[in-house]
Amino acid sequence: MTESGFRARNRAAIMAAITEAANRQLVEVGPAQLSVRAIARDLGMASSAIYRYVSSRDELLTLLIIDAYDDLAAAVEVRADRAPDPGRRWRAVGLACREWALANPQRFALIYGSPVPGYAAPQETIAPATRIPALLVGIIQQARVQIAPAAYSDRVARSLRPGLTGMAAWTGITQPAYSEAAFAVGVMAWTHMIGSISFELFGHRHGVVGDSGADRRAYFEFELAVLAENLGVS
């Protein structure tokens with residue numbers, strides 16, 4: 001291995017250790033209290049050394065946000081790739097998102113919960129955040145979902161065109177791979193999925209849906225099935 005290759009490998013290992021330690025700290029103190037110095041102590045590093053890799057709390061938050069988006073997307077994509085048709089891919093995406101969120105509630109809250117005071121996510125977080133919505137748009141397009149013209153007005157279409165152009169750039173898939181109609185429905189479907197998972201995870205359904213995990217999963221599967229039926233994905 002060349003010296004440059006060794007340095008790159010060593011840097012990747014240190015960044016992985018920093019990310020792991022930061023995720024542990026996220027669970028313990030929450031995103032607003034993340035500390036680069038505390039992570040340095042956890043890893044046995046001098047503060048001056050860790051700042052060569054992560055210069056601030058905001059950079060650390062960005063690192064964790066990208067890591068969470070990518071980890072969630074990887075878990076979802078594996079499940080979706082095994083499904084043979086759009087209806088089953090739809091269900092696989094929803095269930096995989098929910099399972100990841102229940103297993104990683106703090107990381108889910110970081111990317112889909114309340115904004116961290118004083119932090120603004122940079123442009124580099126957008127592409128990872130787009131991976132699952134793009135997957136849903138692809139499923140909807142494959143299913144040839146139709147939208148009533150009266151609902152999908154020119155005004156709605158114009159409002160979504162910047163997002164459609166952006167998604168094509170962020171995912172590397174150029175137009176017309178995604179239709180405007182599929183994009184419109186995909187955004188709505190993603191909003192519904194994340195909203196349903198958030199309601200369950202953050203306790204907004206207590207007293208409405210049964211308290212057991214089986215009850216909550218059954219209701220979430222019902223939501224997926226009804227939404228798929230209404231959209232024509234099933």
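Only this structure's heavy atoms are used, side chains among them; waters, hydrogens and symmetry mates stay out.
- Cluster membership for Leu61 and Tyr112, using ILVMFWY side-chain heavy atoms within less than 4.5 angstrom, is shared.
- Interatomic distance, CD1 of Ile39 versus CG of Leu34, reported as 6.0 Å (0.5 Å rounding).
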Distance-only donor-acceptor hits, side chain of residues 225-232, under 3.5 Å, sequence neighbours excluded:
residue, atom, partner, partner atom, Å
Glu229, OE1, Ser234, OG, 2.9
Asn230, ND2, Val226, O, 3.4

> Are Ile18 and Leu60 close enough, and set up right, to give a side chain to side chain contact (heavy atoms under 4.5 Å, CB included), and what steps lead you there?
Replying inline: CA-CA 9 Å; Ile18 290 172; Leu60 185 62; 4.2 Å; yes
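- Pro31 places a side-chain heavy atom less than 4.5 Å from the side chain of Leu26.
- The two residues Leu64 and Ala22 make their nearest non-hydrogen contact at CD2-CB, 3.6 Å.
- Residues Ala101 and Leu201 come closest through the heavy atom pair O-CD1, 3.8 Å.
- In terms of heavy atoms, Val233 sits closest to Ile140 at CG2-CG1, 4.3 Å.
- Applying the salt bridge (charged side-chain N to carboxylate O under 4.0 Å, His left out) definition to pairs two or more places apart or across chains, those involving residues 38-56 are Arg24-Asp42.
- Of all non-hydrogen atoms in Pro122 and Thr62, the two that sit nearest each other are CD-OG1, 3.4 Å.
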> Yes or no on side chain to side chain contact (heavy atoms under 4.5 Å, CB included) for Ile111 and Thr125, after CA distance, side-chain angles and deciding distance?
Replying inline: CA-CA 10 Å; Ile111 54 178; Thr125 62; over 6 Å; no
> Would Ser56 and Val36 satisfy side chain to side chain contact (heavy atoms under 4.5 Å, CB included), going step by step from the backbone distance to the final call?
Replying inline: CA-CA 7 Å; Ser56 65; Val36 178; 5.8 Å; no
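- The side-chain heavy atoms of Pro133 and Val137, taken from C-beta on, include no pair separated by under 4.5 Å.
- When all heavy atoms of Ala80 and Leu135 are compared, the pair lying nearest together is CB-CD2, 3.9 Å.
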Under 3.5 Å, which donor-acceptor pairs link side chains of residues 182-198 to any protein atom two or more places apart or in another chain?
residue, atom, partner, partner atom, Å
Thr191, OG1, Val187, O, 2.8
Ser196, OG, His192, O, 3.0
Ser196, OG, Glu223, OE2, 3.0
Ser198, OG, Ile194, O, 2.8

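- Within the structure, side chain to side chain donor-acceptor pair (under 3.5 Å) pairs that include any residue of residues 83-97 comprise Arg91-Glu221 (at least two apart or interchain).
- At a threshold of 4.5 Å between side-chain heavy atoms, the hydrophobic network of Ile, Leu, Val, Met, Phe, Trp and Tyr places Val27 and Leu63 in two separate groups.
- For residues 98-124, the set of pairs meeting the salt bridge (charged side-chain N to carboxylate O under 4.0 Å, His left out) definition, not counting sequence neighbours, comprises Asp67-Arg107, Asp71-Arg107, Arg79-Glu99, Arg98-Glu200, Glu99-Arg217.
- Considering only residues two or more places apart in sequence or on other chains, Phe199 meets the ring-ring contact (aromatic ring centres under 6.0 Å, His included) condition with His204.
- For the ring-ring contact (aromatic ring centres under 6.0 Å, His included) test, no residue two or more places apart in sequence or in another chain qualifies with Phe220.
- Between Leu72 and Asn104, every side-chain heavy-atom pair lies at or beyond the 4.5 Å cut-off.
- In this structure, Val76 is a member of the same hydrophobic cluster as Ile139, with clusters built from ILVMFWY side-chain heavy atoms closer than 4.5 Å.
- Residues forming a ring-ring contact (aromatic ring centres under 6.0 Å, His included) with Tyr219 (at least two apart in sequence, or on another chain): Phe222.
- Side-chain contact check for Arg57 versus Val116: some heavy-atom pair is nearer than 4.5 Å.
- Pairs of residues two or more places apart, or lying in two chains, that qualify as side chain to side chain donor-acceptor pair (under 3.5 Å) and include a residue from residues 29-38 are Arg37-Ser47.
- The two residues Thr130 and Ile126 have their closest heavy-atom pair at OG1-O, 2.7 Å.
- Under the ring-ring contact (aromatic ring centres under 6.0 Å, His included) criterion, Phe202 pairs with no residue at all, not counting sequence neighbours.
- Within the structure, ring-ring contact (aromatic ring centres under 6.0 Å, His included) pairs that include any residue of residues 13-66 do not occur (at least two apart or interchain).
- Cluster membership check: Tyr69 shares its hydrophobic cluster with Met15, using side-chain heavy-atom separations under 4.5 Å among Ile, Leu, Val, Met, Phe, Trp and Tyr.
- Under the 4.5 Å side-chain criterion, counting only non-hydrogen atoms from C-beta, Arg131 is in contact with Glu77.
- Qualifying side-chain contact (heavy atoms from CB on, under 4.5 Å) partners for Ser55, counting only residues two or more places apart in sequence or in other chains: Glu59.
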